[in-house]
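This chain uses plain numbering: 1 for the first residue, then up along the sequence.
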Amino acid sequence: MEIEQKGKMLMAAPAHVGLLSFTSCIPCVPLPGRLKFGFTEHKTLTMAAMSDDPIREWILSEGNATEIRGIRSIGGGCINLASRYDTDAGPFFVKTNRSIDPSMFEGEALGLNAMYETRSIRVPKPFKVGTLPTGGSYIIMEYIEFGSSRDQSALGRKLAEMHKAGKSEKGFGFDVDNTIGSTPQINTWTSDWTEFYGEHRLGYQLKLARQQYGDSLIYEKGQRLIKNMGSLFKNVVIEPCLLHGDLWSGNITSDKNGEPVILDPACYYGHNEAEFGMSWCAGFGGSFYNAYFEVMPKQAGFEERRELYLLYHYLNHYNLFGSGYRSSAMSIIDDYLRMLKA
C-alpha cells in the first residue's frame, strides 16, 4: 500500500532519516491497585504490488537506495517483529507480522500520518504498508535515532500543540478502526462525545469482559455508569482533538536533539483529556501538566473526569492480561456510581 496525501504519494525517503517503534505486550503496572489522583482529509491506501521481497523492492526504488548494507533485528513485542534496514540512503524501520492482513498497519500508518501533518510533536513518518507474499504484512517507516532526554515540559507542550492543531469536522472517531494493543478499537464517527466514549470505548470493553470471562457484574455496573456519566461533562466544551490514543512510557522517547518523540499510536479524534488515560503507566509529572495546560487550558471538572479515562485502559488491560486488573476497573466504576448516586 502506498500512503497518499492530497493525491501525492508519501514515498520519497529523506536520506538522513533515522526509528525504533514496536508494540510491546508487557502489561503496565502498578497492579492490582490504581493510582489516585485534522485528520482533515481521508488518506488513500492502495495495495503494494506483490513481489518475492516487497520490502527490499520498495527500499531500492521509491526509498531512493541503491544498496541494502545490512538487516538487523531490533526487537519487538508479542505482536510484531521489528528490523532496521541499513542502506546507502540511510536506515529504515520495518515492522512485520506473519499472521495478520495489512489493516492493523494501515491504521497505524494513517494515525502516524495524521500526527505528522500537525507539524507539532515528532513522530516517525510512514512510507509504505503492504502484504508479504508468504502471508502477513509489513510497514516501512522513518528510522529515528533516539536520544536520552526525557524533557517532560517539552513533551507536555508539544502534545498540547498537536491536540490544538489536529481537529476534525467529522466529529469523534477516525477514518478507520484500529487497535489498542491487540484489542480492536472501534472508531465509527459520532457527533456526541459521551455517546462515542460510552459506546465505542467503555461499552465495547465491557462487552469483551462479559464475553471472555462471563463477567456480568462489571458489565452491568459499567452500563449504569455509562448511562449516568453525562453530568461529569456539564458546561464542558469538547472539541474533537487528534489523540495518540495509547500514550504510555513505552511509546514515548526523544530524538538525538532531545525533542520528544511518540510512537505506536492508536489514533482517533476525541476529548483531549482522554489522552491521559494511560497516565498511570506514563510517569507524567507536574512539569508535564503545567506545560500542557499553558497551551490547552484545564477545564472545570478535570479531576472528576480523570479516572473515567483511566477506566478504558484498565478495562483493556483486564481483557488483554487477565483478572489482575479487574479490581482497579471495578473500583473506579464503584467510586463513580457512588459519586453520581447511580
Visitor: Please report the interatomic distance CD1(I68) to CD1(I59), rounded to the nearest 0.5 Å.
Guide: 4.5 Å
Visitor: Please give me the minimum heavy-atom distance between F105 and N97, naming the atom from each residue.
Guide: CE1-N, 4.0 Å
Visitor: Hey, are D151 and S149 close enough side-chain-wise for a donor-acceptor pair under 3.5 Å?
Guide: no
Visitor: Decide side-chain contact (heavy atoms from CB on, under 4.5 Å) for Y318 and I218; before the verdict, give the C-alpha distance in whole Å, the side-chain angles of both, and the deciding distance to 0.1 Å.
Guide: CA-CA 11 Å; Y318 175 29; I218 200 168; 4.3 Å; yes
Visitor: Would you find more than 12 non-hydrogen atoms of other residues, nucleotides or ligands less than 6.0 Å from Q212 atom CD?
Guide: yes
Visitor: Identify the two heavy atoms, one from N178 and one from G107, that lie closest to each other, and give their separation to 0.1 Å.
Guide: CB-CA, 4.4 Å
Visitor: Q205 side chain to N319 main-chain N or O, any donor-acceptor pair under 3.5 Å?
Guide: no
Visitor: Find out whether the Lys NZ or Arg CZ of R201 is both under 6.0 angstrom from the six-membered ring centre of Y268 and within 45° of the ring's axis.
Guide: yes
Visitor: Between the main-chain N or O of F146 and the side-chain N or O of D255, is there a donor-acceptor pair closer than 3.5 Å?
Guide: no
Visitor: Applying side-chain contact (heavy atoms from CB on, under 4.5 Å), run through W189 and D175 and close with a yes or a no.
Guide: CA-CA 8 Å; W189 289 109; D175 279 333; 3.3 Å; yes
Visitor: Classify the ring geometry between W280 and Y314 as parallel (under 30°), tilted (30 to 60°) or perpendicular (over 60°).
Guide: parallel
Visitor: Output the distance between atom CZ (F302) and atom CZ (F276), rounded to the nearest 0.5 Å.
Guide: 5.5 Å
Visitor: So do I121 and H244 actually touch side chain to side chain, heavy atoms under 4.5 Å?
Guide: no
Visitor: Should side-chain heavy atoms under 4.5 Å link Ile, Leu, Val, Met, Phe, Trp and Tyr, which residues sit in the same cluster as I186?
Guide: Y204, L208
Visitor: Salt bridge or not for E161 and K164, using N-O below 4.0 Å?
Guide: no
Visitor: Side chain of T194, backbone of D192: donor and acceptor closer than 3.5 Å?
Guide: no
Visitor: Enter the distance from N290:CG to K298:NZ here, rounded to the nearest 0.5 Å.
Guide: 8.5 Å
Visitor: Side chains of L263 and P124, heavy atoms from C-beta outward: is any pair under 4.5 Å?
Guide: yes
Visitor: Judged by atom type as modelled, is there a donor-acceptor pair below 3.5 Å linking the side chain of N257 to the main-chain atoms of E259?
Guide: no
Visitor: Mind listing the closest non-hydrogen atom pair of A282 and L247 along with its distance?
Guide: CB-O, 3.7 Å
Visitor: For H163, give me all partners under side-chain contact (heavy atoms from CB on, under 4.5 Å), at least two apart in sequence or on another chain.
Guide: L159, C241, L243, N272, E275, Y292, M296
Visitor: If I take atom CE from residue M229 and atom CG from residue L311, how far apart are they, to the nearest 0.5 angstrom?
Guide: 9.5 Å
Visitor: So, using side-chain contact (heavy atoms from CB on, under 4.5 Å) as the criterion, who are the partners of Q223 when residues are at least two apart?
Guide: L206, Y219, I226
Visitor: What distance separates R56 CZ from I140 CD1, expressed to the nearest 0.5 Å?
Guide: 11.5 Å
Visitor: Between T179 and A266, what is the shortest heavy-atom contact and its length?
Guide: O-CB, 3.3 Å
Visitor: Are R69 and D88 close enough for a salt bridge, meaning some N to O gap below 4.0 Å?
Guide: no
Visitor: May I ask you to check if R306 and Y289 form a cation-pi contact, with NZ or CZ under 6.0 angstrom from the six-membered ring centre and within 45° of the axis?
Guide: yes
Visitor: Compare every heavy atom of V261 with every heavy atom of S254, then report the nearest pair and how far apart it is.
Guide: C-CG2, 3.8 Å
Visitor: Is a side-chain N or O of T118 found less than 3.5 angstrom from the main chain of M115, in a donor-acceptor match?
Guide: yes
Visitor: Over all heavy atoms of both residues, which pair between S287 and Q152 is shortest? Give the atoms and the distance, please.
Guide: OG-CB, 3.4 Å
Visitor: Are F284 and L155 packed together at the side-chain level, in the sense that at least one heavy-atom pair is separated by less than 4.5 angstrom?
Guide: yes
Visitor: Does some side-chain heavy atom of K95 sit less than 4.5 Å from a side-chain heavy atom of D264?
Guide: yes
Visitor: Test L225 against L337 for side-chain contact (heavy atoms from CB on, under 4.5 Å), laying out the working first.
Guide: CA-CA 6 Å; L225 171 56; L337 291 179; 4.2 Å; yes
Visitor: For the residue pair K167 and P240, establish whether any side-chain heavy-atom pair is separated by less than 4.5 Å.
Guide: no
Visitor: Taking the side chain as every heavy atom from C-beta outward, state whether S231 and L340 have any pair of such atoms under 4.5 Å apart.
Guide: yes
Visitor: To the closest 0.5 Å, what do you measure between CD1 (I139) and CZ (F127)?
Guide: 10.5 Å
Visitor: For a salt bridge (Lys or Arg N to Asp or Glu O under 4.0 Å) with E142, tell me which candidate from K125, R122, K128 qualifies.
Guide: R122
Visitor: Measure from the side-chain N and O atoms of R84 to the backbone N and O of P91, and report whether any donor-acceptor pair falls under 3.5 Å.
Guide: no
Visitor: Can you tell me if N251 uses its side chain to pair, donor with acceptor, with the backbone of D246 under 3.5 Å?
Guide: yes
Visitor: Stepwise, does the side-chain contact (heavy atoms from CB on, under 4.5 Å) test hold for F233 with Y197?
Guide: CA-CA 12 Å; F233 298 91; Y197 192 68; 5.6 Å; no
Visitor: Just wondering, do V94 and I71 contact through their side chains at under 4.5 Å, heavy atoms?
Guide: no
Visitor: Do F172 and H200 have their ring centres less than 6.0 Å from each other?
Guide: no
Visitor: Can you confirm whether K221 sits close enough to L217 that some side-chain heavy atom of one is under 4.5 Å from a side-chain heavy atom of the other?
Guide: yes
Visitor: Counting distance only, does the side-chain N/O of S191 pair as donor-acceptor with the main-chain N or O of G171 below 3.5 Å?
Guide: no
